[in-house]
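Each remark here refers to the structure printed beneath this line.
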Protein chains: 2
Amino acid sequence: MPADNALLADPYSSRIGTQWEIAPRRDPVLWDPEAQGPLNPNQLETFESWGYFPFPKLISSDRAKSLLAEATHLQESLPPDLDHVISEPSSREIRSIFRVHQDNEAFADVCRDDSIVSIARQILGSEVYLHQSRINFKPGFQGKEFFWHSDFETWHVEDGMPRMRAVSISISLTANTAYNGPLMLVRGSHQSYVRCVGETPDEHFRSSLKKQEFGVPNREALSLLAEQGEIVAPTGAPGSAVMFDCNTMHASASNLSPYPRTNLFLVFNSVENELRTPFGGTPPRPRFLSYRP
Amino acid sequence: MPADNALLADPYSSRIGTQWEIAPRRDPVLWDPEAQGPLNPNQLETFESWGYFPFPKLISSDRAKSLLAEATHLQESLPPDLDHVISEPSSREIRSIFRVHQDNEAFADVCRDDSIVSIARQILGSEVYLHQSRINFKPGFQGKEFFWHSDFETWHVEDGMPRMRAVSISISLTANTAYNGPLMLVRGSHQSYVRCVGETPDEHFRSSLKKQEFGVPNREALSLLAEQGEIVAPTGAPGSAVMFDCNTMHASASNLSPYPRTNLFLVFNSVENELRTPFGGTPPRPRFLSYRP
């Protein structure tokens, strides 16, 4: 148990004992309901209630196709032993490439595209910056699962993100179907914070990006959230996207289909929610995982 | 390579070299198109064209519920080291229980239920017998996948089933949803026979029932079948079912949801298709896997 009073007072403390808990969210979902932007009031209300919003066509299919070609090029040309290139748990096959906006002009363009960034600004009620960018590859027949997790739990504990004031967006570069391991979310789960059991090992990110074993919610908590909400898996053509709150519980199954699932994943954080010392007491993770302006 | 001419002449030879092949099916799907039974002409035509047929309600939900209670009782009471009780690849958790019609009167009743058996008789155009019965448990959060396979390939090579004249039926004892690893099938794949690469190890069934590594179709073949057909995953409430041809390519993904997927799986073989010496040259598998009347 931590001795630090500040840590005990943290509303989002986690991994500090053997007890799990479902605690209420202490932050708004829409930080400025009057904020102007691309979403209409119905869409904003849906995002607030569900914790996510699906876009059938966030970018054009031509642009998605061209980004897929860039992603494939990076996958084939980057050495898999770079820190920001993550391989599968039991092979050297590339699972994720981080900070793609730094390596590639086409991805950088998406990350500053006002039609996307303005949605994040509208939800978070402030200027935003790019906290993380990555490509997730889930190859046909063999792409492995991502177990249920709240991104915010990790970003809070391991990266020092103070409040739930960030949004993620997953943009489909290939079709996301019911059969190739699409993103699954628990509707409404963003309103609950699951304190996880256990401590954070040193340099946890080196294994957690392959297969997360700490900061994983327990099964009782997940069952309760799924009973209160509903599991959904928005699917869509290349160019479709799902924007979701940083605390929405999500996962994705393995990909047994012949069709790869390749998604571009961007995280925007509010400039009023800048990272501090990690709340879990470990050193900050590398900048490719959690950018500090 | 086998020296035996009879084996070379086998239209469904498989695992005899390093080459794969997609060969045409040499058998009808409906063995007597005039056969009378519960399916109407449209339903028969659908089965013939797709290689499967979904039943929204094959048995009542009350009966499914009571069978689920029996299945759970067996799971809790049978020692996991019995030959016909199969555990998960990396734990002692029970994955499948075979020959459930011998151990339990409620399952025996389903296996001789004329409303079910008569469908198999109608499709296979003859009297039938029960080739195999099993319960497949896929527990929430951790149920593992079954990779793509044609049951007939194994039944032919390892069990000596001569022709494609058997049907399987998977009856949902829990809801089968898009999120708990439902049965996936490749529509139309029953018309193609994929010869697999490799040999059959001794006592292959001891590992293949946990995780199959031989008699597995290669990725090129699966991609071609999926391009010609379409991947489908019929879902349904407890009591729903899918009947499918013995050669329809199928799989099921892992179960990340909190909800177990428990199915009763029955195989009916035509009495005119009795088992012979296995075509792959290995000794016959145990009777709990492939009954010999």
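In what follows, every chain begins at residue 1, and chains take the letters A, B, ... in the order their sequences are listed. Note that the structure is a prediction, hence the values are computed from the model and not measured.
Proximity to chain B involves both the backbone and the side chain of A/Ala226, based on heavy atoms less than 4.5 angstrom apart. Residue contact with chain A, scored on non-hydrogen atoms closer than 4.5 Å, is absent for B/Thr177. Heavy atoms closer than 4.5 Å to chain A are found in both the backbone and the side chain of B/Ala233.
Atom CD of residue B/Glu145 and atom NZ of residue A/Lys144 lie 6.5 Å apart, to the nearest 0.5 angstrom. Residue A/Phe141 holds its CZ atom at 5.5 Å from CZ of B/Phe147, rounded to the nearest 0.5 Å. Atom CG of A/Leu222 sits about 10.5 Å away from atom OG of B/Ser257, to the nearest 0.5 Å.
Considering only residues two or more places apart in sequence or on other chains, A/Glu21 meets the salt bridge (Lys or Arg N to Asp or Glu O under 4.0 Å) condition with A/Arg195.
Identified under the side chain to side chain donor-acceptor pair (under 3.5 Å) test for residues 67-77 of chain A, with sequence neighbours left out: A/Glu70-A/Asn104.
Annotation: B/Glu220, atom CD; neighbour count of heavy atoms from other residues, nucleotides and ligands within 6.0 Å is above 12.
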| Run the side-chain contact (heavy atoms from CB on, under 4.5 Å) check on A/Ile231 and B/Tyr259 step by step: do they pass? | CA-CA 11 Å; A/Ile231 298 175; B/Tyr259 310 111; 4.3 Å; yes
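Across all non-hydrogen atoms, the minimal contact from A/Leu256 to B/Ser252 is CD1-O, 3.3 Å.
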